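What follows is a single structure, written as structure tokens, with notes after it.
Just so it is clear, the structure is predicted and the values come from calculations on it, not from any experiment.
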Amino acid sequence: MSMNNAPNVFLDPNANRFQVNIINEDHDNTETAQEDVGSDPPHYEETSFTDETHNRLRISYRPGKRELYDNFRQNGEKTEASLHPYDTHSKMYYLQTFGHNTMDPVPKIDYYRNTGSVSGNKLNRPSLLEIHEQLAKRVANGESSAGDETAASKEEENKTGFVKFGWVKGVLVRCMLNIWGVMLFIRLSWIVGQAGIGLGVIIILLATMVTSITGLSTSAIATNGFVRGGGAYYLISRSLGPEFGGSIGLIFAFANAVAVAMYVVGFAETVVELLKESDTLMVDESNDIRIIGTITVVCLLGISVAGMEWEAKAQVILLIVLLVAIVNFFIGTVIPTNTEKKARGFFNYQASIFAENFGPDFRSGEGFFSVFAIFFPAATGILAGANISGDLKDPQSAIPQGTMLAILITTIAYIAVAISSCVVRDATGNVNDTIVPGMSCNGSSACGLGYDFSRCASQPCDYGLMNNFQVMSMVSGFGPLITAGIFSATLSSALASLVSAPKVFQALCKDNVYKGLEFFAKGYGKNNEPIRGYVLTFAIAMAFILIAELNTIAPIISNFFLASYALINFSCFHASYAKSPGWRPAFRYYNMWVSLFGALLCCGVMFVINWWAALITYAIELFLYIYVTYKKPEVNWGSSTQALYFVNALDSALALTTVEDHVKNFRPQCLALTGAPMVRPALLDITHAFTKNNGLCICCEVYTGPRKLCVKEMNSGMEKKQAWLTKNKRKAFYAAVAADSFRDGVKSLLQASGLGRMKPNTLVIGFKKDWRSAPATQVENYVGIIHDAFDFELGVIIIRISQGFDISQVLQVQGMCFPSIWLPKATYCLTYQTSFHIFFFLITESTINTIQSMHVGEFNQRLLEASTQFKKKQGKGTIDIWWLFDDGGLTILIPYILTIRKKWKNCKLRIFTGGKVNRIEEEKLVMASLLSKFRIKFADINIICDINIKPNKESWKFFEEMIEPYRLHESCKDMPTAEKLKRETPWKITDAELEAFKEKSCI
């Protein structure tokens, strides 16, 4: 290995502070490397932060590499294997910064991918721990920080040998081929005949408004990241999430499958017209359309399955044929007409014909929006370029330029053809229907031009705008060119739809949004062709081809495509409204409110076109949305829905801070010291019972021990434990801290947990059952935590069950290992405690023998049963509430919340309170009156009459024996010894404190 790190390089006083030296690492070609060093001076890839007026950012290159780097800047792709200026993990090069080896990589797209991204493998940046602890080892051994990931990344790059298209061939040509279709040649004349030139142009402009707004939204979404296979499904699902994407994905794929039928029927109609002219019909017109359509779609299916490599090469030729056909039409309008064409209603440009055709003449029950519904599919196809953005050289500029220019050019062509209507609405085709002197006429424009077509009012005619779908062939300079244009437009569009429908469906199935459709996700061959999807699309297309009516098929597609366009526009609006930092489209010429208008416009047009079809479309979409929402697919695409959830939550939390606390709105918001939530499930269950849908619940864990180990364990377990809560349907948050001691950690949680008004007001902790035998420091910490909660103005709930809460030993037997630092020692009479007073209510259960008298396995089984007791429905029983002092009603509120839960509804409240012997009934009435005002039902009220009677000798003796280990007895010791004990054990009870509370203790 040869290195260009001569001392003069790094000691050069003229060198800038921040510089990076490219080092050759080719072990296999040392001589070549040495030759390079000898022939060239040291070269740097240098970033300068000096005050140069002409060069704020200066980069120096190896000879001949500037052109390569310029190519990188434009394309962002590696085109030469020998150098990648952003690749610090390649075999040939690595970076040396400040003269020292470093594992830190420069920015690279592979570090920002999602795990499992179809765009390529995600590389992991080295962590600070790796940099600190393994740097010397990696440098000494010459290892790359990327390791196997680099090889995987290179393998992925080598696979991407696809042809990259520019904006013309990749977007413009594809969109124009898809937009110009069957409607241009065989339906636009009928639309002008029905709606007239004026309303016909409005129909075209209305469709253009929808597609233009959608094009702007598509450009914004597509330039906010790469768009892979799936078209509208991919755009919507990655923007709004799987719920909207999954529902519209099926509809969009189905719409493309039906579009195959529309284009094939258009092709078949043209062929049938040719057969009709030559009097060679096989059966009749409708059945011939079915026969020809079936043969055509079978041939297209064979081409699709065999391979589509020819499509990219043939699309330019197809476009040329279309352009020649359109130009041929305009040339035909100025070529002097003949007698045969006049009999069919063509008289070149005539002001009288223009005036007559300008107004509408709707027939056969047609109207403005029904005609618009038939025309609208002619405006679709704007997503053709966005669907292949991964194959574009520069998708951020290609999609907006190609899509919008394609919309502009095709709109101009449609309007020009509509205005160039030189044919009357009705014509007989009989050359003898001329006007002779003395003959009366109906005053139409044809009469003024010497022809009488008045009998078309009483009997059907075969020619004219209203009757002949092949008007463009008749008007054109050379009819077969129009036929060739129709064939090219219909077949290319049908083939594109036949390919896109399975691709969209395959993308949907690959995402596994619908579990039952995994069968169609499988691909075959090197291009991963969805053969099964092709067969399904073929079956759907065949079903609609059998309808054999283009006017029946077109409105169905209109609704489905409009629904897709509506959601694309809404996706753009939603992403903008969510204000996510990840929403950074390169295309800036969009507006969120215009996108919202476009979405509403699409929805409105759907209902106007066909209200019942729109309702069915939305019903299907709603059903699919509910289904996907219920199934909750395990995907995370960083959708704007997630971003809006965050924004709404933040706004609500901020709004809540301005709301003053009110007793009516009080709810327990608990900070539960559960440790890992799965270790003390019973403590979590009882806490969740009175916080679910009512208040905040935070499961807290304190890690104590070596800081590095604690932090590592804490960070690695955060997502896992929150996921456990979600999986077990516990509406709670998980929080953890690393601290020097358990008490310090709880202090941090008490102070910092929560957000604004959504912060804990109650500490829930288990009862320390081993307080008699535990080390004094543990007891001190436990009692100290209770006092800390009082200091921070939190209430305290101490929960106790005779079996204890900690089931870690059971989990260890089951194979779930928990480090000891996860389990603060505490085994947990449900007690509610507020500042200076303690109130509680007891949950009674049958006595369980101690662990000493039973087998360990039996104990574990009973412990496991006890841990699930609060998940079960509680039988008929009572909840005893010892409401001895007025604490504001909190002691009565929490058990009341329990009784409104489904599992606790059979339990009744029994109230215990203090009173005088001679006022028992009066005290009961007072308490009953108070509870009725609180609207709290109760089963019984018990007055404790002996609450003020001094304890008997046995009780007093028991009390003294209980506190004896915790007394200081300073009066029996000399002053220095007593002071020393006070400093060492400040928590012990002094004689002065015992005397001060004697009266209270002796009551």
Assess whether side chain to side chain contact (heavy atoms under 4.5 Å, CB included) is satisfied between Trp190 and Leu465, documenting all intermediate values. CA-CA 5 Å; Trp190 178 85; Leu465 295 176; over 6 Å; no
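- Under the rule for a ring-ring contact (aromatic ring centres under 6.0 Å, His included), the partners of Phe607 that lie at least two apart in sequence or sit in another chain are Tyr618.
- With sequence neighbours left out, the side chain to side chain donor-acceptor pair (under 3.5 Å) criterion links Ser212 to no other residue.
- Annotation: cation-pi pair Arg532/Phe519 present, NZ/CZ under 6.0 Å from the ring centroid and within 45° of its normal.
- Taking the salt bridge (charged side-chain N to carboxylate O under 4.0 Å, His left out) definition, one finds that Asp288 meets it with nothing, sequence neighbours left out.
- Counting heavy atoms from C-beta on, the side chains of Ser476 and Ile331 never come closer than 4.5 Å.
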Determine whether Tyr414 and Phe375 satisfy the following criterion, ring-ring contact (aromatic ring centres under 6.0 Å, His included), listing intermediate values before the conclusion. CA-CA 11 Å; Tyr414 278 126; Phe375 171 78; 5.4 Å; yes
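- Under 3.5 Å, the side chains of Ser420 and Thr333 contain no donor-acceptor pair of N or O atoms.
- Partners of Arg238 by salt bridge (charged side-chain N to carboxylate O under 4.0 Å, His left out), not counting sequence neighbours, listed by chain and number: Asp511.
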In sequence, state the C-alpha distance, the side-chain angles, and the governing distance for Phe362 and Leu199, and then conclude on side chain to side chain contact (heavy atoms under 4.5 Å, CB included). CA-CA 11 Å; Phe362 294 111; Leu199 288 183; 4.1 Å; yes
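- A heavy-atom distance below 4.5 Å is found between the side chains of Thr428 and Cys456.
- Residues passing the salt bridge (charged side-chain N to carboxylate O under 4.0 Å, His left out) test with Lys276, sequence neighbours excluded: Glu285.
- Using a distance-only test at 3.5 Å, with no hydrogens or angles considered, no donor-acceptor pair links the side chain of Ser497 to the main chain of Ala494.
- Using a 4.5 Å cut-off on side-chain heavy atoms (C-beta onward), Phe368 and Val608 make no contact.
- Test Ile568, Leu383, Leu567 against Phe252 for side-chain contact (heavy atoms from CB on, under 4.5 Å) and you get one pass: Leu383.
- Contact detail for Arg425 and Gly196: the closest heavy-atom pair is NH2-CA, 3.6 Å.
- What you find for Ile221 and Ser239 is that their closest heavy atoms are CG2-OG, 3.6 Å.
- Between the side chains of Ser217 and Asn569, at least one donor N or O lies within less than 3.5 Å of an accepting N or O.
- In this structure, Asp462 has no salt bridge (charged side-chain N to carboxylate O under 4.0 Å, His left out) partners at least two apart in sequence or on a different chain.
- In this structure, the side chains of Lys503 and Pro530 come closer than 4.5 Å at one or more pairs of heavy atoms.
- Looking at residues two or more places apart in sequence or on another chain, you find no ring-ring contact (aromatic ring centres under 6.0 Å, His included) involving Tyr463.
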Kindly determine whether Ile292 and Met282 satisfy side chain to side chain contact (heavy atoms under 4.5 Å, CB included), including the steps that lead there. CA-CA 10 Å; Ile292 295 170; Met282 292 177 284; 4.0 Å; yes
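- At distances below 3.5 Å, at least one donor-acceptor pair connects side-chain atoms of Asn178 with backbone N or O atoms of Arg174.
- With sequence neighbours excluded, the residues satisfying ring-ring contact (aromatic ring centres under 6.0 Å, His included) with Tyr514 are Tyr627.
- Ring to ring, Phe469 and Phe185 are not that close: their centroids are 6.0 angstrom or more apart.
- Between Ile399 and Ala222, the shortest heavy-atom distance links the atoms CD1-CB, 3.5 Å.
- In terms of heavy atoms, Glu243 sits closest to Thr629 at CG-OG1, 3.2 Å.
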Take Val171 and Gln401 through the test side chain to side chain contact (heavy atoms under 4.5 Å, CB included) and record every step on the way to the result. CA-CA 8 Å; Val171 181; Gln401 290 180 16; over 6 Å; no
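- Proximity of a side-chain donor or acceptor of Thr403 to a complementary backbone N or O of Pro400 within less than 3.5 Å is not detected.
- Heavy atoms only, all atoms of each residue included: Met404 and Gly215 are closest at SD-C, 3.9 Å.
- Using a 4.5 Å cut-off on side-chain heavy atoms (C-beta onward), Ile486 and Gln470 make contact.
- Side-chain contact between Leu250 and Leu517 is present, with heavy atoms from C-beta onward closer than 4.5 Å.
- Screening residues 268-294 for ring pair (Phe, Tyr, Trp, His ring centres under 6.0 Å) gives no qualifying pairs among residues at least two apart or on separate chains.
- Applying the side chain to side chain donor-acceptor pair (under 3.5 Å) criterion to Ser237, with sequence neighbours excluded, gives no partner residue.
- Aromatic pair Phe376/Phe372: centroids less than 6.0 angstrom apart.
- In this view, Cys603 satisfies the disulfide bond (SG atoms under 2.5 Å apart) rule with no residue, not counting sequence neighbours.
- Checked by atom type and distance alone, the side chain of Gln194 never pairs as donor or acceptor with a backbone atom of Glu366 at under 3.5 Å.
- Sequence neighbours left out, the pairs with a member in residues 483-505 that pass ring pair (Phe, Tyr, Trp, His ring centres under 6.0 Å) are Phe267-Phe487, Phe505-Phe520.
- In this structure the side chain of Leu177 reaches within 4.5 angstrom of the side chain of Leu322, judged on heavy atoms.
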